[in-house]
Amino acid sequence: MNKAELPKAVRVFLNGKDLERKQHAAMLLSTVTSEGFPHVAMISAGELVAISSSRVKLLVWKDTTSSKNMIQNHKATVTLVVEGKAYYIKFRLKKEAPVLSGYELFTGEVAAVKEDYAKYAVLTSGIQFQLHDSKEVLSRWKQSLKAVFSAVVKFFQIAR
């Protein structure tokens with residue numbers, strides 16, 4: 001599958017809801033440094049949210065290698081495993097006005113999606129982690145996503 005639209009399973013996973021259920025799932029955010037080297041970082045469902053079938057909002061820590069790379073070249077790839085399949089999603093990025101102190105906000109337009117699976121096997125998980133303080137982190141994720149959704153609502157109100 002190579003199309004510039006998020007598959008339904010990915011949209012559901014990135015809907016900003018049920019964070020408790022998604023708290024162990026890590027996604028890989030791949031960018032390219034100014035020296036041309038790949039850079040990989042882990043992100044969570046509390047940092048990436050689908051706002052349509054072809055757009056996402058990505059909230060990352062300010063002044064990180066990933067945020068600097070995305071500001072510089074406006075591109076990233078996210079890798080995630082959902083419902084037994086791996087997805088590699090390429091995004092064209094636009095830096096947005098900050099919605100939270102200490103973070104950079106990007107709008108990502110889906111440039112390409114590759115669905116990867118084997119007929120003879122099922123991916124049972126992607127990279128997973130255990131939060132040290134899930135109550136605190138889940139609260140932060142919910143506040144972050146609330147700020148992102150608020151910015152999206154304001155954008156659509158202005159656009160009318």
Side-chain angles (χ1 to χ4, degrees), residues 5-31 38-71 74-110 113-117 122-158:
E5 188 171 285
L6 297 171
K8 183 178 180 183
V10 173
R11 286 194 315 270
V12 169
F13 183 78
L14 298 177
N15 65 8
K17 301 176 184 174
D18 304 318
L19 293 177
E20 289 79 7
R21 184 176 59 81
K22 301 169 187 173
Q23 68 179 296
H24 304 292
M27 296 172 275
L28 298 179
L29 174 66
S30 301
T31 59
H39 174 77
V40 180
M42 288 185 280
I43 58 172
S44 68
E47 297 163 295
L48 182 65
V49 63
I51 59 170
S52 75
S53 62
S54 61
R55 283 204 167 126
V56 297
K57 293 287 184 178
L58 174 62
L59 194 66
V60 297
W61 294 103
K62 190 175 185 165
D63 296 324
T64 60
T65 302
S66 295
S67 67
K68 291 174 185 175
N69 292 343
M70 292 186 295
I71 289 169
H74 311 285
K75 294 177 185 170
T77 298
V78 171
T79 302
L80 70 155
V81 174
V82 180
E83 295 183 2
K85 297 177 182 175
Y87 293 92
Y88 315 107
I89 306 167
K90 295 179 182 179
F91 293 103
R92 288 185 184 87
L93 301 169
K94 178 183 174 197
K95 186 177 176 296
E96 301 290 350
V99 293
L100 285 174
S101 177
Y103 292 90
E104 298 285 7
L105 177 64
F106 296 88
T107 296
E109 185 77 31
V110 178
V113 177
K114 181 180 179 191
E115 183 180 271
D116 195 5
Y117 62 94
V122 174
L123 286 169
T124 57
S125 72
I127 296 173
Q128 296 191 337
F129 52 79
Q130 182 68 42
L131 300 173
H132 292 300
D133 185 349
S134 61
K135 186 175 180 180
E136 185 273 327
V137 173
L138 288 168
S139 175
R140 185 177 73 236
W141 287 356
K142 288 175 184 177
Q143 288 176 325
S144 298
L145 291 177
K146 184 177 179 181
V148 169
F149 283 126
S150 177
V152 170
V153 169
K154 286 179 188 174
F155 169 80
F156 283 111
Q157 289 173 342
I158 292 169

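Please read these numbers as outputs of a predicted model, since none were measured by experiment.
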Of T77, V40, N69, the residue whose pairing with T31 passes side chain to side chain contact (heavy atoms under 4.5 Å, CB included): N69
field: Heavy-atom check, side chain of I89 versus side chain of F91, under 4.5 Å
entry: yes
task: Quick one: do H24 and Q130 satisfy side-chain contact (heavy atoms from CB on, under 4.5 Å)? Show the steps, please.
output: CA-CA 6 Å; H24 304 292; Q130 182 68 42; 3.3 Å; yes
- prompt: Closest heavy-atom contact between F13 and A25?
  reply: CZ-CB, 3.7 Å
message: Applying salt bridge (Lys or Arg N to Asp or Glu O under 4.0 Å), can you list everything that pairs with E104, at least two apart in sequence or on another chain?
response: K95
statement: For S52 and R11 the tightest heavy-atom approach is O-CD, 4.1 Å
- prompt: Roughly how far, to the nearest 0.5 Å, is the NZ atom of K146 from the CG atom of L100?
  reply: 11.5 Å
task: Just jot down the salt bridge (Lys or Arg N to Asp or Glu O under 4.0 Å) partners of K68, sequence neighbours excluded, or say none.
output: none
message: For a 4.5 angstrom cut-off between non-hydrogen side-chain atoms, does Y87 reach L6?
response: no
Criterion side-chain contact (heavy atoms from CB on, under 4.5 Å) on V99 and S150, from CA distance to verdict: CA-CA 9 Å; V99 293; S150 177; over 6 Å; no
message: As an exercise, state the distance from CD of Q23 to CD of Q128, rounded to the nearest 0.5 Å.
response: 10.5 Å
message: Test of understanding: with salt bridge (Lys or Arg N to Asp or Glu O under 4.0 Å), list the residues that count as partners of K85, not counting sequence neighbours.
response: E115
For residues 56-63, which side-chain donor-acceptor pairs fall under 3.5 Å, sequence neighbours excluded?
| unit_1 | atom_1 | unit_2 | atom_2 | d |
| --- | --- | --- | --- | --- |
| K57 | NZ | T107 | OG1 | 2.5 |

- prompt: Within a strict 4.5 Å, meaning less than it, do heavy atoms of the V49 and L14 side chains meet?
  reply: no
message: Go through it in stages, so that I can follow the logic: the residues are Y117 and L123, the test is side-chain contact (heavy atoms from CB on, under 4.5 Å), and I'd like the CA-CA distance, side-chain angles, deciding distance and then a yes or no.
response: CA-CA 8 Å; Y117 62 94; L123 286 169; over 6 Å; no
field: Atom of M70, atom of A76 and distance for their closest heavy-atom approach
entry: SD-CB, 4.0 Å
Neighbour count >12 (heavy atoms, 6.0 Å) for atom NZ, K90: no
field: Pair listing, salt bridge (Lys or Arg N to Asp or Glu O under 4.0 Å) test, anchored in residues 135-144, at least two apart
entry: E20-K142, E136-R140
For S30, all residues meeting side chain to side chain donor-acceptor pair (under 3.5 Å), sequence neighbours excluded: none
task: For side-chain contact (heavy atoms from CB on, under 4.5 Å), just list the numbers for M27 and V82, CA-CA rounded to whole Å, side-chain angles, deciding distance to a tenth of an Å, and then say yes or no.
output: CA-CA 10 Å; M27 296 172 275; V82 180; over 6 Å; no
query: For the atom pair CD1 (I51) and CG (N15), what is the distance rounded to the nearest 0.5 Å?
result: 13.5 Å
- line: Heavy atoms of S44 and F129 approach each other most closely as CB-CZ, 4.1 Å
- prompt: Which value, rounded to the nearest 0.5 Å, describes the distance between L48 atom CG and L145 atom CG?
  reply: 9.5 Å
task: Locate the shortest heavy-atom distance separating G46 from W141; write the atom from each residue and the value.
output: CA-CG, 3.6 Å
message: Contact between H39 and S66 at the side-chain level, heavy atoms closer than 4.5 Å - yes or no?
response: yes
- request: Spell out, as yes or no, whether a donor-acceptor pair under 3.5 Å connects the side chain of S67 to the backbone of T64.
  value: yes
query: For I71 and H74, which heavy atoms make the closest approach, and how far apart are they?
result: O-CE1, 3.4 Å
